[in-house]
Amino acid sequence: MTATLTQPIAPSRTRRKAPSRRVLLLLLPMVVIFAVGFAVPLYFVVRFSLEHFDAADGQTWGFTFDQFLTIFTTPLYGNLILRTLGLALATTVISAVIGYPLALAITRGPRRLRGPLMAVVTIPMLTSVVVKTFGWQVLLSSDGFLQRTLDAVGLSSVKLINTSTGVVLGLVHTYFPFMVISLVAALSALDRRTEEAAAALGSPPGQVFRRVTFPQSLDGLAAGSALTFVTSMSALITPQMLGGGKVSTIVTVIYQQATTAQNWPLASALGVLLLVITFVILSLQTWAVRRATRG
């Protein structure tokens with residue numbers, strides 16, 4: 001008898017290419033949106049930032065780093081960057097202090113309260129930033145409820161409108177939902193058996209939280225902090241309305257240079273700088289999360 005050896009049939013090339021083509025077709029809308037909405041505008045922003053500008057001739061084509069030299073050699077812009085980072089940092093810290101207990105209440109509290117608490121978090125996200133900021137403008141004005149309350153308790157010297165304090169209050173109200181949602185996701189994914197095991201071994205509740213719960217929620221805290229910091233740093237409406245022109249940030253100066261002064265090269269250079277700062281912050285957040293996970 002002769003044995004017949006059968007060789008495995010190689011899959012056709014068309015079958016191999018078909019899934020990849022489907023994937024490419026599915027990715028095509030995202031690629032188009034990315035190109036039109038990000039890559040092309042970014043190209044023009046970088047290009048404008050390298051052009052020359054003067055009051056007489058306006059914007060002229062060229063290749064120069066004059067705008068960046070102006071930013072780095074003028075103390076005004078250095079103070080502007082520090083103020084922007086300070087406002088974003090204050091917003092992030094306050095959002096974390098408020099958001100962590102709220103996230104714990106949502107994930108660990110009674111079920112009947114989870115819906116109302118999540119509504120408290122998500123409803124501000126469904127409201128226009130302009131509407132929310134206008135409401136804060138009314139509350140913080142000299143005739144507003146909060147300012148009159150401060151006046152009644154003898155703190156009339158503390159002003160809220162057109163100050164950094166008022167801007168931070170508005171930013172916290174606008175962007176703290178990002179912090180809460182990130183923390184809720186992290187705390188919901190936490191393995192409760194680790195907490196139960198620590199409690200069974202005699203650890204008090206405070207120690208269980210400090211050594212078990214909090215370390216496992218650091219990913220959510222880092223993600224929420226990055227989102228809150230970046231979005232508050234790039235906010236325009238809230239600093240513009242609650243600052244009243246007295247609290248300038250990088251974004252408000254970009255708006256002024258692009259609209260009032262018509263200095264597009266300087267506005268573009270400030271935009272590139274803001275983008276670089278955002279990239280550095282997100283990179284540090286990714287590095288910190290990876291290091292904490294490995295540790």
Side-chain angles (χ1 to χ4, degrees), residues 34-35 37-51 63-97 99-100 164 167-168 171-172 174-183 185-186 217-240 243 247-258 264-295:
F34 177 82
F38 181 78
V40 175
L42 179 61
Y43 163 76
F44 283 106
V45 168
V46 174
R47 174 183 167 180
F48 289 164
S49 68
L50 299 174
E51 294 184 358
F63 186 84
T64 177
F65 291 99
D66 290 346
Q67 309 305 324
F68 292 99
L69 291 175
T70 300
I71 294 172
F72 291 119
T73 58
T74 305
L76 173 65
Y77 294 109
N79 296 331
L80 186 71
I81 295 171
L82 292 177
R83 184 184 304 114
T84 303
L85 295 176
L87 291 173
L89 180 61
T91 302
T92 303
V93 172
I94 295 174
S95 298
V97 172
Y100 204 104
S164 298
V167 172
V168 170
L171 290 174
V172 169
T174 303
Y175 298 113
F176 95 99
F178 294 108
M179 178 71 72
V180 177
I181 292 175
S182 300
L183 287 171
S217 64
L218 285 178
D219 289 354
L221 183 61
S225 299
L227 287 173
T228 306
F229 191 94
V230 170
T231 52
S232 59
M233 184 177 61
S234 60
L236 171 63
I237 300 299
T238 303
Q240 192 83 353
V247 182
S248 298
T249 64
I250 295 178
V251 180
T252 59
V253 172
I254 290 174
Y255 176 78
Q256 293 167 3
Q257 291 294 328
W264 281 83
L266 182 58
S268 299
L270 288 170
V272 171
L273 179 61
L274 182 64
L275 183 63
V276 170
I277 294 174
T278 302
F279 177 77
V280 170
I281 292 171
L282 293 178
S283 299
L284 290 175
Q285 181 260 344
T286 303
W287 172 81
V289 169
R290 288 180 179 176
R291 184 174 181 180
T293 303
R294 291 176 182 175

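Among residues two or more places apart in sequence or in another chain, the side-chain contact (heavy atoms from CB on, under 4.5 Å) test is passed with Val45 by Ser268, Val272. For Ile181, the side-chain contact (heavy atoms from CB on, under 4.5 Å) test picks out Val121, Met125, with sequence neighbours left out. Residues passing the side-chain hydrogen bond (donor to acceptor under 3.5 Å, both in side chains) test with Ser217, sequence neighbours excluded: Tyr100. Val97 meets the side-chain contact (heavy atoms from CB on, under 4.5 Å) test with Val93; sequence neighbours excluded. Qualifying ring pair (Phe, Tyr, Trp, His ring centres under 6.0 Å) partners for Phe34, counting only residues two or more places apart in sequence or in other chains: Phe38. Residues satisfying the ring pair (Phe, Tyr, Trp, His ring centres under 6.0 Å) test with Tyr255, not counting sequence neighbours, are none.
Nearest heavy atoms, Val253 versus Leu80: CG2-CD2, 3.5 Å. Contact between Leu221 and Ala96 at its shortest, heavy atoms only, is CD1-CB, 4.1 Å. Among all heavy-atom pairs drawn from Pro41 and Ala35, the shortest one is CD-O, 4.1 Å. Heavy-atom minimum distance, Gly220 versus Ser182: O-CB, 3.4 Å. Across all their heavy atoms, Val172 and Ser95 have their closest contact at CG1-OG, 4.0 Å. The two atoms that bring Ala269 and Phe68 nearest to each other are O-CE2, 3.8 Å, heavy atoms only.
A heavy-atom distance below 4.5 Å is found between the side chains of Val247 and Ser164. Leu85 is not listed as a side-chain neighbour of Leu89, based on a closest heavy-atom distance of 4.5 Å or more.
Relative orientation of the Tyr175 and Phe178 rings is parallel, given thresholds of 30° and 60° on the angle between their planes.
Applying the side chain to side chain donor-acceptor pair (under 3.5 Å) test to residues at least two apart or on different chains, the pairs with a partner in residues 64-86 are Thr64-Asp66. Annotation: salt bridge (Lys or Arg N to Asp or Glu O under 4.0 Å) contacts involving residues 40-51, sequence neighbours excluded, comprise Arg47-Glu51.
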Cut-off 3.5 Å, no hydrogens considered: what does the side-chain donor-acceptor table look like for residues 274-286, sequence neighbours left out?
from, atom 1, to, atom 2, distance (Å)
Thr278, OG1, Leu274, O, 2.9
Ser283, OG, Phe279, O, 2.8
Thr286, OG1, Leu282, O, 2.9

Compile the donor-acceptor pairs under 3.5 Å between side chains in residues 226-237 and protein atoms, sequence neighbours left out, one pair per line.
from, atom 1, to, atom 2, distance (Å)
Thr228, OG1, Gly224, O, 2.7
Thr231, OG1, Leu227, O, 2.6
Thr231, OG1, Thr228, O, 3.2
Ser232, OG, Thr228, O, 2.7
Ser232, OG, Phe229, O, 3.1
Ser234, OG, Val230, O, 3.0
Ser234, OG, Thr231, O, 3.2

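With rounding to the nearest 0.5 angstrom, the OG atom of Ser49 is 13.0 Å from the CH2 atom of Trp264.
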Next item on the list: Could you check Ile71 against Leu266 for side chain to side chain contact (heavy atoms under 4.5 Å, CB included), going step by step and ending with a plain yes or no?
Entry: CA-CA 8 Å; Ile71 294 172; Leu266 182 58; 3.9 Å; yes

